2 protein chains.
Amino acid sequence: MSRPAGTKGERTRARILEAASTLFARSGFNAVSLREIAAQAGMTHAGLLHHFPGKESLLLEVLSIRDREDAAWLFPGLLEPGDAAEPTAVSAAERFWSVVDLTERNSRTPGLVALYTKVVAEAAAPDHPAHAYFVRRYQVLRRELGTLLAAALREADPPVAAEPEAVAQQLLALMDGLQTQWVLEPDRVPMRRRVEEFLALYGLRPAHRATTGPVTG
Amino acid sequence: MSRPAGTKGERTRARILEAASTLFARSGFNAVSLREIAAQAGMTHAGLLHHFPGKESLLLEVLSIRDREDAAWLFPGLLEPGDAAEPTAVSAAERFWSVVDLTERNSRTPGLVALYTKVVAEAAAPDHPAHAYFVRRYQVLRRELGTLLAAALREADPPVAAEPEAVAQQLLALMDGLQTQWVLEPDRVPMRRRVEEFLALYGLRPAHRATTGPVTG
DNA sequence: GTCTATATCGCGATAGAC
DNA sequence: GTCTATCGCGATATAGAC
């Protein structure tokens with residue numbers, strides 16, 4: 001909470017991001033104007049646009065911070081090798097199921113889930129500022145999740161012969177698609193259950209896990 | 001191609017939709033202005049907005065026309081009972097696999113797929129003009145696809161005991177999620193193959209189908 | 001009544017002065 | 001690094017034309 005270290009520009013950026021994060025989470029994307037965000041950060045909207053090229057990129061930055069926090073926990077050592085938690089403290093199987101837990105976590109922040117879905121959809125355009133980011137994101141997730149899945153499939157009840165990266169791609173698609181439906185109709189879409197049913201088809205079961213609460217609430 | 005029948009207002013609406021469809025498919029959503037669409041339809045942008053409440057709803061209408069064409073073929077008799085093709089000309093199993101074929105068809109129109117994904121994402125907001133439409137769309141798809149799946153599961157190699165609507169929900173989510181990834185990286189996402197792998201887990205295989213080309217090219 | 005146009009608003013984005 | 005000024009945009013209200 002204390003003032004972040006760094007240059008004045010970096011502190012201003014952080015101030016803007018905090019204001020944007022609060023307002024987006026509260027009111028969505030379209031309903032919030034750059035002028036509001038700028039006012040909350042103590043500037044005009046043109047001043048804000050000196051730090052971020054546009055409104056869309058502001059949303060992307062807010063979401064990718066959250067994304068990076070998740071990734072740092074799930075795949076320690078992937079990003080900044082600095083101060084990640086002890087790398088091999090948890091088993092591959094445990095970390096795999098914590099990926100599934102993200103589904104549950106997302107259920108608690110429907111506003112941001114909807115925004116994330118929106119940004120992914122718009123990033124389809126090759127010239128979109130977030131395009132390269134999402135391409136890389138899915139590549140990394142497929143590979144890392146595939147590695148965890150390979151281990152889990154070997155340990156499965158009868159070991160299952162399946163291409164881990166293909167299953168990872170299916171799993172990521174299933175989770176994304178369930179989120180789309182869940183955002184529309186939360187009560188009719190038991191995300192976690194559908195994911196577990198899917199994994200059970202490959203012989204993967206949650207086993208006896210404590211309610212670890214693996215990711216920051 | 002000849003002038004559509006109906007009142008003047010209906011003809012104007014059709015003219016606007018044709019202009020919008022052309023321009024959206026060519027340049028996407030954001031890059032096209034209401035003023036351009038209106039000009040191509042021979043009016044001012046305010047005149048256009050007399051027929052459609054906003055730009056978003058214009059896109060929704062364009063996409064839902066296409067959606068309705070698909071639905072009319074897959075689930076004859078669901079909508080206007082007027083002149084649908086002979087209802088029981090094809091078996092449930094055949095119609096089920098033609099749903100999967102839609103995935104292939106979509107691969108040929110990446111621009112519209114991206115727009116569709118974008119609209120679904122934005123329709124998450126309960127007050128969005130398309131919200132009710134998509135809620136109903138997924139309800140109908142789950143139910144109808146569930147019915148087809150129930151028949152297919154009974155005929156499966158060893159008959160599979162699974163909740164048809166739950167499998168339908170998984171299948172729809174998988175297809176949506178695969179589209180998201182495919183739009184970003186067409187070469188790395190073999191949609192059709194992933195869907196078939198998934199259905200094989202439930203004992204469902206395409207069997208010996210001719211290359212029917214079930215939906216209008 | 002049905003349709004279209006003019007006028008005005010706040011918006012996101014850009015250019016240039018300080 | 002922040003501002004003022006300006007642009008075209010989507011949207012709304014309201015008045016006018018058929």
Side-chain angles (χ1 to χ4, degrees), chain A residues 3-21 23-24 26-63 115 118-119 122-123 125 127-130, chain B residues 3-21 23-24 26-63 115 118-119 121-123 125 127-131:
Chain A
R3 199 168 72 183
T7 68
K8 181 188 174 188
E10 284 167 343
R11 276 184 276 118
T12 305
R13 253 183 81 97
R15 221 172 59 236
I16 294 170
L17 283 174
E18 196 176 314
S21 181
L23 293 174
F24 283 153
R26 178 188 306 155
S27 310
F29 184 71
N30 293 323
V32 176
S33 72
L34 284 183
R35 285 164 172 86
E36 288 179 73
I37 299 170
Q40 179 141 336
M43 5 172 13
T44 65
H45 88 286
L48 185 155
L49 289 170
H50 174 75
H51 298 274
F52 298 90
K55 191 186 184 186
E56 201 75 44
S57 78
L58 199 50
L59 173 57
L60 172 71
E61 201 73 22
V62 167
L63 293 174
L115 287 179
K118 170 186 156 64
V119 175
E122 285 173 346
D127 58 338
H128 190 280
Chain B
R3 199 168 72 183
T7 69
K8 180 186 175 189
E10 284 167 345
R11 276 185 277 116
T12 305
R13 251 183 83 96
R15 220 171 61 236
I16 294 169
L17 282 174
E18 195 176 315
S21 180
L23 293 174
F24 284 153
R26 179 188 304 156
S27 310
F29 184 71
N30 293 322
V32 176
S33 73
L34 283 183
R35 286 162 173 86
E36 288 179 73
I37 298 170
Q40 178 140 336
M43 8 173 12
T44 65
H45 89 284
L48 186 155
L49 288 171
H50 173 76
H51 299 273
F52 297 90
K55 190 186 183 186
E56 202 75 45
S57 77
L58 199 50
L59 173 57
L60 171 71
E61 201 72 22
V62 167
L63 293 175
L115 285 179
K118 171 187 156 63
V119 176
E122 284 173 348
D127 56 339
H128 190 279
H131 183 81

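Numbered from 1 within each chain, the chains take letters A, B, ... in sequence-line order. A quick note: this is a predicted structure, and the numbers were derived from the prediction, not measured.
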Query raised in the report: Does A:E10 reach the main-chain N or O of A:T7 with its side chain, forming a donor-acceptor pair under 3.5 Å?
Result: yes
Report summary line: To the nearest angstrom, the CD-C1' distance between B:E36 and D:dG8 comes to 11 Å
Report task. Starting at atom CZ of B:R13, determine the distance to atom P of C:dT4, rounded to an integer number of angstrom. Result -> 13 Å
Report summary line: note: A:L48, atom CG; C:dC11, atom P; distance rounded to Å ~ 14 Å
Requested in this report: Sugar-phosphate means primed atoms, P, OP1 and OP2; the rest is base. With that split, encode nucleotides 12-18 of chain C 5' to 3' as B, S or - using protein heavy atoms under 4.0 Å.
Outcome: BBB----
Query raised in the report: What is the distance from CD1 of B:I16 to C1' of C:dT4, rounded to the nearest Å?
Result: 11 Å
Query - A:K8 backbone acceptor or donor facing A:T12 side chain under 3.5 Å - result: yes
Query raised in the report: Can you tell me how far CZ of A:F29 sits from CG of A:L58, rounded to the nearest 0.5 angstrom?
Result: 8.0 Å
Requested in this report: State whether A:T44 places a side-chain N or O below 4.0 Å from either non-bridging phosphate oxygen (OP1 or OP2) of D:dC3.
Outcome: yes
Query raised in the report: Got a sec, which pairs hit salt bridge (Lys or Arg N to Asp or Glu O under 4.0 Å) with one end in residues 35-55 of chain B, sequence neighbours left out?
Result: none
**Report entry** With sequence neighbours excluded, residues passing side chain to side chain contact (heavy atoms under 4.5 Å, CB included) with B:L49
**Finding:** B:L34, B:H45
Report summary line: Between the CD atom in A:E18 and the CG atom in A:L23, the distance rounded to the nearest 0.5 Å is 10.5 Å
Query raised in the report: Can you check the B:F52 CZ to D:dT12 C1' distance for me, whole Å?
Result: 18 Å
Requested in this report: For D:dG1, take OP1 and OP2 only and decide whether either is under 4.0 Å from a side-chain N or O of A:H50.
Outcome: yes
